[in-house]
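I have placed the structure first, in the form of structure tokens, so that the comments after it can refer back to it.
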Protein chains: 2
Amino acid sequence: MSRNQPTIADVARVAGVSRATASRAINNGPGASEPLRERVRAAVAELGYQPDETARALATGRQRAVDVIAVSYGSSAGWLGTHPYFSRVLAGMMPVLEGVNAQLRLHAVGQENAAEEIEEIAANATLGAVLADITPALATRFHRRSRRVVSMVPTATAVPAVQADNIGGADAAVSRLHELGCRRIAAIHGPDLNPCAIDRRAGYLQAVQRLGLPDLSADGGFLREGGYRAAQQLLAQHPDIDAMFVACDLMAAGAIQAITAGGRRVPDEVSVIGFDDSIAAVCANPPLTTMRLPVEEMAAAATRLLLAGTPATGHRQRFPVELVVRASTRK
Amino acid sequence: MSRNQPTIADVARVAGVSRATASRAINNGPGASEPLRERVRAAVAELGYQPDETARALATGRQRAVDVIAVSYGSSAGWLGTHPYFSRVLAGMMPVLEGVNAQLRLHAVGQENAAEEIEEIAANATLGAVLADITPALATRFHRRSRRVVSMVPTATAVPAVQADNIGGADAAVSRLHELGCRRIAAIHGPDLNPCAIDRRAGYLQAVQRLGLPDLSADGGFLREGGYRAAQQLLAQHPDIDAMFVACDLMAAGAIQAITAGGRRVPDEVSVIGFDDSIAAVCANPPLTTMRLPVEEMAAAATRLLLAGTPATGHRQRFPVELVVRASTRK
DNA sequence: ATGAAAGCGCTAACAA
DNA sequence: TTGTTAGCGCTTTCAT
């Protein structure tokens, strides 16, 4: 570094006080007279002094940063860039970090050496970490090293988490479709190993079983292309499908494209209901009826939990998943 | 902090060497014999030692972090969360930061006290900052305090920048529509003050003028709702429109919804061409033909520039904007 | 109320 | 090659 920033010693000298007094004045700490505080303020302004957060962090032992960890399945660029989820968690965190003088550090850890990277992040964690989409095993690993952590997806029981009712949401979606008169309700699911995908699949299965409907499932891998292909395939195999429950909006947008490209109308011939209420839902045409996952609120809650101290082991904060009606389901 | 992590002193003691030797071994520095290195490695493993990056940063004077700054016009949550742009810049940066032991710090600065926040970030910058969407005035402010900065949008001449050919891209889009036989080409523009929006508008104007077409412009504010409304209005005022150039995909997705909701077909009756090639383009139905803004590549380049040292004042790296043909334009 | 001085955990001159 | 020592810029006892 070639920065030649003024230090607190400069401020102290210009103000004609000791470094300790300068520090007290700058941090609004107790034990400094108003006249001296004023001189320090003047010196700060004159020099354009900005405290070095690194030194401050070392001296106090706490750095006031919250880490966000996302695992990059395959190429980090692909997942992080194309899935609307991450920007929503960031969007949810930023406002609560506003004005509390805390940094937001973003980490994309690769799959291979994930364990080591997690360890290192945990070792340097300060306020703590928000686990955006990590497996229970890795979450446990982090938790063992630092308890200042909260997961945003279903995880190991010990790890604090904010979680949405994915099962209930999926069930509600299918029930809704059933109320609308649909009887051949297909589903497009996410990756087998994804905790959220697992729950949404369970919710679908639970609903069709209760309602006495057939299980018409396909896999879409949480990606738009997968949703497109799955919908095509479903339509080919079961031409009488009158509705689709799609486990994420991105896939649902693809599914709608496939349905209309195949010459059927949405929602007149087939109703589609997505999951997430992400940007993909409003960009789809017709706009998607979907189950809203309150990602921003969850991320905000997770951040507040960290700001408030060390979350209790096993802590759970639940969030409802609610129906948002748009135009992809019939009246 | 109640962390009780082992320090390098513990490692040194366990390994039976001095702290200096331990440091040398840990950092693969020169001047340490293999046997001692081995003992240090063993001690590190035994204690589960992880170097404290803060202390390291203070000692070396460089913290190896790159900052990303996004200005939050209105609510920070809204903009950051709903616009696909930011996640693309993050996605572009992450891979180049991989394995170089550098953190990514994210800042959303509010509009009111933007100047101060910018100053503070600049003062604590280490590798430097990527300005995602900042005004020329603020960029200049940052540049004055730290030269380690690169803007991703058109900016003041002194500030280093990576920039795409927005004017040329917009012109090319209109030209393309003209080649396709369209003669009533409307446009939906972004915010008046947004540097990218300004250039895209200029490109449209330049093209219609050259081609002898009428200027059919409306404003959409770079948001989907704005695109929807602008398209409705355009269609009402000029029923003979046969194409639309829309300055961003998010607005274009809205425009397509408005067009089809109004009973016209895309692309048969009206062709639509967007800008960005964001997630909104592939979620739209039909999928959008668009001008691809290589955001990830630009963000990666910006990051590499910072990693390589202090970018030269006024540095410019240009990126092409290319046509991506999908289904929203007629053949 | 103020200042002197001791660290925070680490790296990097300098000595040995 | 190894160890000793002096900081990095700041906060925070502890005297005064």
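Every chain is numbered from 1, with letters handed out A, B, ... down the list of sequences. Both backbone and side-chain heavy atoms feed into the values below; hydrogens, waters and symmetry mates do not. Since the structure is predicted, the reported quantities are computational estimates derived from the model, not experimental observations.
The existence of a salt bridge linking B/R41 and B/E34 is confirmed by a sub-4.0 Å separation between a basic side-chain nitrogen and an acidic carboxylate oxygen.
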Summary of protein contacts for nucleotides 6-16 of chain D, nucleotide by nucleotide, where a base hit scores B, a sugar-phosphate-only hit scores S (4.0 Å, heavy atoms): BBBBBBB----

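Spacing between atom CZ of A/R39 and atom C1' of C/dG3 amounts to 13 Å, rounded to whole angstrom units. In this structure, the CG atom of B/N28 is 17 Å from the C1' atom of C/dA12, given to the nearest Å.
Considering A/V149, A/D67, A/V150 in turn, A/V149 is the only one that fulfils the side chain to side chain contact (heavy atoms under 4.5 Å, CB included) rule with A/L131.
Side-chain atoms of B/R105 and B/N124 include no donor-acceptor pair closer than 3.5 Å.
A donor-acceptor contact shorter than 3.5 Å is absent between the side chain of B/Y49 and the backbone of B/D10. Side chain of A/D52 to backbone of A/A55: a donor-acceptor contact under 3.5 angstrom is found.
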